[in-house]
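Keep in mind it's a predicted model, so treat the numbers as computed, not measured.
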Amino acid sequence: MIIVSTRQPGLRAGARPLPADATVVRLHGDIDIFSSPALRDLLIHALDQSTGALVCDLTDVVFCDSSGLAVLVGMQRRARARGVDFGVASPRPYMVTLLHLTGLDRSLPLYGKATTLVPPPRPASI
């Protein structure tokens, strides 16, 4: 798995702009039990550098197992604790299905292409 971290200032999320310093981490290849520890370390480092939003671009991810999903869930919890938004962008159809079957699509924001992020609808406050 090759992982490239880039900053793309000025990303927008529909009507709500992402912070100018949003960090997009583009992932390639498989996210599995072998690559998950390195991915977790990279995302923790990226989170340390993030102040607004941290987004994983999954455009080039061809496989993800339960250990990969665990990394994404763990990062969402870490980001939330630091006041940073965390989500995934451009998941392939199989990944959308996987997130839906596991129920993660209800808690992990799914964005469109990393250059034109569209936030999921927020639930109404009670």
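When the side chains of ILVMFWY residues are joined at heavy-atom separations under 4.5 Å, either directly or via intervening members, Ile44 and Val25 end up in a single hydrophobic cluster.
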Inset, instruction - Please report the C-alpha distance between Arg80 and Asp85 in whole Å, then the side-chain angles of each, then the deciding distance to 0.1 Å, and finally whether the salt bridge (Lys or Arg N to Asp or Glu O under 4.0 Å) criterion is met. - result: CA-CA 6 Å; Arg80 187 178 295 143; Asp85 293 328; over 6 Å; no
Legend entry - Worked verdict on Leu27 versus Leu39 for side chain to side chain contact (heavy atoms under 4.5 Å, CB included): CA-CA 9 Å; Leu27 308 179; Leu39 175 59; 3.6 Å; yes
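The structure places CG of Leu99 at 7.5 Å from CG of Leu72, a figure rounded to the nearest 0.5 Å. Atoms CG and CG, from Leu104 and Leu98 in turn, are 7.5 Å apart once rounded to the nearest 0.5 Å. Atoms CZ and CG, from Arg78 and Asp48 in turn, are 10.0 Å apart once rounded to the nearest 0.5 Å. Note: Arg82 CZ to Ser50 OG = 9.0 Å, rounded to the nearest 0.5 Å. For the atom pair Phe86 CZ and Leu47 CG, the distance stands at 8.5 Å (nearest 0.5 Å).
Counting only heavy atoms from C-beta outward, the side chains of Leu69 and Thr102 approach each other to under 4.5 Å. The side-chain heavy atoms of Leu108 and Val73, taken from C-beta on, include no pair separated by under 4.5 Å. In this structure, the side chains of Gln76 and Val84 stay at 4.5 Å or more apart for every pair of heavy atoms.
For the residue pair Pro91 and Val96, the shortest heavy atom distance occurs at CG-CG2, 3.6 Å. Summarising the geometry of Tyr94 relative to Phe63, their closest heavy-atom pair is OH-N, 3.0 Å, with the distance given to 0.1 Å. Minimum heavy-atom separation, Cys56 to Leu43: SG-CD2, 3.6 Å.
Through direct or indirect side-chain contacts shorter than 4.5 Å among Ile, Leu, Val, Met, Phe, Trp and Tyr, Ile33 is connected to Phe34.
Applying the salt bridge (Lys or Arg N to Asp or Glu O under 4.0 Å) definition to pairs two or more places apart or across chains, none involves residues 38-47. Judged as a salt bridge (Lys or Arg N to Asp or Glu O under 4.0 Å), not a single pair has a partner in residues 90-109 (not counting sequence neighbours). Among pairs with a residue in residues 60-73, those fulfilling side chain to side chain donor-acceptor pair (under 3.5 Å) read Arg26-Asp60, His28-Asp60, Ser36-Ser67, Asp65-Ser67, at least two apart in sequence or across chains.
For Arg77, the salt bridge (Lys or Arg N to Asp or Glu O under 4.0 Å) criterion is met by no residue, not counting sequence neighbours. For Asp32, there are no salt bridge (Lys or Arg N to Asp or Glu O under 4.0 Å) partners at least two apart in sequence or on another chain.
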